[in-house]
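Heavy-atom basis, side chains included; hydrogens, waters and symmetry copies ignored.
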Amino acid sequence: MAAGFVAICVFLVAAALACVAPPLWRDRGKPASTAALTASCLLIPVLAALTYLQSSNHEWAHAGIGAGEGGSPPAVEELIEPLRARLEASPDDPRGWMLLGASYIQVERYSEAAQAFDRVLGLTGGRDMDALMGKAEALILDNPERLLQDAGEMVEQVLQTDPANPKGLWYGGLRASATGESVIAVQRWRAMLEGPVTPEVRAIVEGELNRLGASAGASVGASVGASVGTSGPASAEEGAALALGNVELRLSLGPPASPPPGAVLFVVARIPGQVGPPLAAKRVDGARFPLQIRLSDADAMLPGAKISDQPELAITARLSASGQTARNAGDYEAQGTWQTGQGALELELIHQP
């Protein structure tokens, strides 16, 4: 009986993935579709387990949500409102808030998902890493730029406590890739593949490894050494890559040219006139000026984005006194437009009072 029940559960989860994954896989070149595909493949099995654990609690019978109309299993949307009502009456239930947060992500209500995971963190004194990862994921799906901001820092905190966390490894790899730390990205994605992952997730991760010039089993240093951003003179390999569409920048610092210790340089490339997440981004700690730096396809902020496909880019360079990506007084900033074939773009970062 138990084996049959498990088999039915596995079949239903596979059926759910079969409904969700194919259309997203066909659009995997789009950053939003890639993120949604990965999140779905990671989330659906977890959500199914959480739904069973929660619905097996005797209190659910009193809530009247054990089944939908005609005795059929309830849809996620049908579960949300009764569950939220129960949690409002009995708010000290971290497992219930976890399920609510996961359900909100499933229906793309990311702001409410982050609030639900916050309730878990409040009830557990901030020690529940699954809740912290859930909040980070909700923030990233709502605004991908937060991968390089507070949500990315949450992911790093999760990985410090739980180095094998699969979602932490995925988003941590994306963050490392976006900031030019290709070796770290490869290490994290390979570690992710060492754990149990669905074929769909494996295909996505292997695609990202291939994008960085690394395979699932090759030497990290040998396979991605040429992909890591540098701030010194170009090597022969980098010079050849530049001809394929890399962006070369030469940055100088305007007066008073005295940034505080710990200032961090952020370089962002956008398609002119386009709103939303930047096309590519790089973070440089301890930058010394004048500085020569390059942006390449390895600095793409999200999968599917390529600098080499763009004839023109809007570049923003900001030396952040606070170490945060948000603009603040005391930062140095410069903006300019780069076009294919123009050579290095020279920018002087001006102090912002």
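- A donor-acceptor contact shorter than 3.5 Å links the side chain of Q342 to the backbone of Q339.
- Hydrophobic clustering of Ile, Leu, Val, Met, Phe, Trp and Tyr side chains at less than 4.5 Å, counting indirect connections, unites L253 with L249.
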Trace of the side-chain hydrogen bond (donor to acceptor under 3.5 Å, both in side chains) decision for E312 with Q310: CA-CA 5 Å; E312 184 176 87; Q310 308 304 320; over 6 Å; no
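- Proximity of a side-chain donor or acceptor of S103 to a complementary backbone N or O of L99 within less than 3.5 Å is detected.
- To the nearest 0.5 Å, atoms CG (L295) and OG (S308) are separated by 12.5 Å.
- The structure places CG of L345 at 12.5 Å from CD1 of I293, a figure rounded to the nearest 0.5 Å.
- Taking each heavy atom of S296 and I307 in turn, the nearest pair found is O-CD1, 3.6 Å.
- In this structure, the side chain of Q352 engages the main chain of I350 through a donor-acceptor pair within 3.5 Å.
- No side-chain heavy atom of K282 sits under 4.5 Å from any side-chain heavy atom of R294.
- H351 places none of its side-chain heavy atoms less than 4.5 Å from the side chain of P259.
- L139 and A114 get closest at one heavy-atom pair: CD2-CB, 4.1 Å.
- Side-chain contact between P166 and V197 is absent, with no heavy atoms from C-beta onward closer than 4.5 Å.
- Residues L319 and F289 form a side-chain contact, since some pair of their non-hydrogen atoms from C-beta on lies under 4.5 Å apart.
- Note on L347: it does not cluster hydrophobically with F266, by side-chain heavy-atom contacts below 4.5 Å among ILVMFWY residues.
- Here CZ of R188 is found 10.5 Å from CG of L174. Values are rounded to the nearest 0.5 Å.
- Taking 4.0 Å as the cut-off between side-chain N and carboxylate O, R327 and D331 do not count as a salt-bridged pair.
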Side chain to side chain contact (heavy atoms under 4.5 Å, CB included) between L279 and L313, worked out: CA-CA 9 Å; L279 177 67; L313 292 170; 3.6 Å; yes
Side chain to side chain contact (heavy atoms under 4.5 Å, CB included) assessment of S252 paired with L349: CA-CA 6 Å; S252 59; L349 281 67; over 6 Å; no
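- Residue pairs meeting the ring pair (Phe, Tyr, Trp, His ring centres under 6.0 Å) criterion with at least one partner in residues 174-208, sequence neighbours excluded, are W170-W189.
- Hydrophobic clustering (side-chain heavy atoms under 4.5 Å, transitive across Ile, Leu, Val, Met, Phe, Trp, Tyr) keeps V268 apart from L291.
- Within the structure, side chain to side chain donor-acceptor pair (under 3.5 Å) contacts touching residues 117-133 (residues at least two apart or in different chains) are D118-K135.
- Scanning both residues, V155 and G168, for their nearest heavy atoms gives CG1-O, 3.5 Å.
- Here the side chain of Y332 pairs no donor or acceptor atom with the backbone of R318 at under 3.5 angstrom.
- In this structure, CG on L100 lies 5.0 Å from CG on L83, to the nearest 0.5 angstrom.
- Rounding to the nearest 0.5 Å places OG of S320 at 8.5 Å from CZ of R283.
- In this structure the side chain of M129 reaches within 4.5 angstrom of the side chain of T161, judged on heavy atoms.
- Residues A321 and G330 come closest through the heavy atom pair CB-O, 4.0 Å.
- Atom CD of E200 sits about 8.0 Å away from atom CD1 of I204, to the nearest 0.5 Å.
- When the side chains of ILVMFWY residues are joined at heavy-atom separations under 4.5 Å, either directly or via intervening members, Y104 and W97 end up in a single hydrophobic cluster.
- Distance alone, capped at 3.5 Å, places no donor-acceptor pair between the D162 side chain and the V158 backbone.
- Remark: R175 engages E156 in a salt bridge, criterion side-chain N to carboxylate O under 4.0 Å.
- Across all their heavy atoms, P91 and L123 have their closest contact at O-CD1, 3.6 Å.
- Looking at I315 and V267, their side chains come closer than 4.5 Å, going by heavy atoms from C-beta outward.
- Side-chain contact between L87 and D93 is present, with at least one heavy-atom pair separated by less than 4.5 Å.
- The heavy-atom pair separating G172 from L159 by the smallest distance is CA-CD1, 4.3 Å.
- Under the 4.5 Å side-chain criterion, counting only non-hydrogen atoms from C-beta, I105 is in contact with F117.
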